[in-house]
Amino acid sequence: MIIGFDAKRIVCNKTGLGSYSRTLINDLSQIITPDITLNLYAPEPGNDALRSQVTTRSNVHFVYPDGCHCRLQRDYWRLHGMVKDLQRDGVKLFHGLSGELPSGLKQSGIKSVVTIHDIIFMRHPEYYHWIDTKLYAWKFRRTCQEADRIIAISECTKRDITLFGDVDPERIDVIYQSCSTRFKMRESEKKLQEVHTRYMLPKRYMIFVGSIEERKNILLAVKALRLLPDDISLVIVGKPTPYTKKVKLYITQNGIANRVKFLHNVTNEDLPAIYQMAEVGVYPSRYEGFGIPIIEAIQSGLPVVACTGSCLEEAGGNDTLYVDPDDVCGMAEAVKRVLKGAPEREQRIARSQQYITRFEGNNVAQQVLDVYNELLLAY
């Protein structure tokens, strides 16, 4: 039996949807029976380094379209032409890993599953260009109609799908996002020192990992710095956006430039060390579909402070601290409660690490495989 997957994000996205897709494929390939093949349909080979993160196995194959030489052709193939290739290859079930399915899939008789990570473009359209919100909303509604089963990566996302897509909750399975366990591996002292020197990291710091965009709300943590001990800094790791200028302006106007460090283009090899040398993880996002950086920070041995209002409580569990996304004083007080030397810090970290084991490895892959089997047996 051949199961097909939308592999565009696997070969093009470093984090987020790409990480989810690569981790799931690697985990599935370890537990499927020998008679099952996973075909990864991508519009182009994409990034060699990202593609190589998919473990080479005899039952995992990348498939690319013929004759697609430009972006327009590749986009058309992914939206319309892919179905013919799925039929040609004898695919029995197709999984859209990033919230999309090719048009005509239902009519082809191929069963379908789609993972929807979030629909923030409908919940908070103010963070998107209005044209993009219209396009994303159209794709979302069409995908909901096309899919036989929907996987939501959190209860929060399931509620949003039900509300905005008018979808029967019985068609939706909540399967939390699988998280790589690489952040649990402790780096050597030599590696830690090399990374600390190379990036000129402060001695004591909080860490934020994610795109530096308005929705992620990193300005809350920056403002909280003024209420924290002077030797505590903030390291911000992520891709800059226009919002970054707003953050930097506040930093300059308030004289805390020496306490905030921006790091862009950090390698996958160095990120675990940067996490592990931090004292606290902060993730003040106003709205998320899940919140993988929270899990990465906990795996790295950090306590975490995040924000209320979406699904972050699901990702971090009861021992992560949560504050209102506009509460500067609350953010500062929460950070103080988990700094080194604070009561219950180590116990809080240990309980958090136990909580996040539910997101690691093949447990998630088995749940996804169960959805496949249930869907195929039902027809």
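Treat the numbers as computed from the prediction; the structure is a model and nothing was measured.
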[X] side, atom [atom1]; [Y] side, atom [atom2] - distance, nearest 0.5 Å:
X: L312; Y: S154; atom1: CG; atom2: OG; answer: 9.5 Å
X: F5; Y: T115; atom1: CZ; atom2: OG1; answer: 9.5 Å
X: I110; Y: L105; atom1: CD1; atom2: CG; answer: 5.5 Å
X: E346; Y: E344; atom1: CD; atom2: CD; answer: 10.5 Å
X: R123; Y: Y287; atom1: CZ; atom2: OH; answer: 4.0 Å
X: H95; Y: L93; atom1: NE2; atom2: CG; answer: 8.5 Å

Determine, using the 4.5 Å side-chain heavy-atom cutoff (strictly less than), whether [X] and [Y] are members of one ILVMFWY cluster.
X: I175; Y: V114; value: no
X: Y128; Y: F164; value: yes
X: M206; Y: L302; value: no
X: V209; Y: V247; value: no
X: F94; Y: L79; value: no

Does any N or O in the side chain of [X] come within less than 3.5 Å of the main-chain N or O of [Y], such that one atom is a donor and the other an acceptor?
X: D6; Y: K8; value: yes
X: Q353; Y: I298; value: yes
X: R351; Y: D319; value: no
X: R51; Y: P45; value: yes
X: Q73; Y: H69; value: yes
X: K216; Y: R286; value: no

Whether over 12 other heavy atoms sit under 6.0 Å from [X] [atom1]:
X: Q347; atom1: CD; result: yes
X: E189; atom1: CD; result: no
X: D168; atom1: CG; result: yes
X: N318; atom1: CG; result: no
X: R88; atom1: CZ; result: yes
X: Q87; atom1: CD; result: yes
X: D35; atom1: CG; result: yes
X: R337; atom1: CZ; result: no

Parallel, tilted or perpendicular: rings of Y283 and F208 (30°, 60°) =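 Parallel: the ring planes of F208 and Y283 meet at under 30°.
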ask   = Parallel, tilted or perpendicular for F183 and Y275, by the 30°/60° rule?
value =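 Plane angle over 60°, so perpendicular.
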Taking the six-membered ring of [Y] as reference, does the NZ or CZ atom of [X] fall below 6.0 Å from its centre and within a 45° cone about the axis?
X: K248; Y: F262; value: yes
X: R358; Y: Y355; value: yes
X: K261; Y: Y199; value: no
X: R141; Y: W138; value: no

key: Test applied, salt bridge (charged side-chain N to carboxylate O under 4.0 Å, His left out); reference residue, D231; option that passes from R204, K340, R259   =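 Filter result, single survivor: R204.
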Working for salt bridge (Lys or Arg N to Asp or Glu O under 4.0 Å), residues R78 and E100 = CA-CA 10 Å; R78 185 165 175 256; E100 297 180 57; 3.7 Å; yes
query = What do the steps show when you test I3 against N39 for side-chain contact (heavy atoms from CB on, under 4.5 Å), and what is the final call?
reply = CA-CA 6 Å; I3 301 175; N39 277 7; over 6 Å; no
message = Under the criterion side-chain contact (heavy atoms from CB on, under 4.5 Å), I'd like the reasoning laid out for T55 against V60: C-alpha separation, chi angles, the key distance, then a yes or no.
response = CA-CA 8 Å; T55 304; V60 178; over 6 Å; no
request  = Could you give me the CA-CA distance, side-chain angles and deciding distance for N26 and Q30, then say whether side chain to side chain donor-acceptor pair (under 3.5 Å) is met?
outcome  = CA-CA 7 Å; N26 285 335; Q30 296 181 57; over 6 Å; no
query = Passes salt bridge (Lys or Arg N to Asp or Glu O under 4.0 Å), K191 versus E194? Steps please.
reply = CA-CA 5 Å; K191 174 69 173 181; E194 287 176 351; 5.3 Å; no
task = Give the C-alpha distance, both sets of side-chain angles, the deciding distance and a yes or no for side chain to side chain donor-acceptor pair (under 3.5 Å) between T267 and D270.
result = CA-CA 5 Å; T267 66; D270 290 343; 3.2 Å; yes
key: E146/T143 under side chain to side chain donor-acceptor pair (under 3.5 Å): CA gap, chis, key distance, verdict   = CA-CA 5 Å; E146 196 85 44; T143 294; over 6 Å; no
task = Please test R171 against D148 for salt bridge (Lys or Arg N to Asp or Glu O under 4.0 Å), starting from the C-alpha separation and ending with a verdict.
result = CA-CA 7 Å; R171 288 177 55 209; D148 292 305; over 6 Å; no
task = Indicate, with yes or no, if the rings of F290 and F359 have centres closer together than 6.0 Å.
result =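 Close enough - the centres of the two rings lie under 6.0 Å apart.
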Under 3.5 Å, is there a donor on one side chain and an acceptor on the other for [X] and [Y]?
X: H61; Y: T37; answer: no
X: T197; Y: Q193; answer: yes
X: E314; Y: Y176; answer: yes

inquiry  = Please determine whether side chain to side chain donor-acceptor pair (under 3.5 Å) holds for the pair R9 and S21, giving the CA-CA distance in whole Å, both sets of side-chain angles, and the decisive distance to 0.1 Å.
reply    = CA-CA 7 Å; R9 307 296 180 180; S21 302; over 6 Å; no
query = Does a side-chain heavy-atom distance below 4.5 Å link L40 with I10?
reply =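 Yes, side chains in contact.
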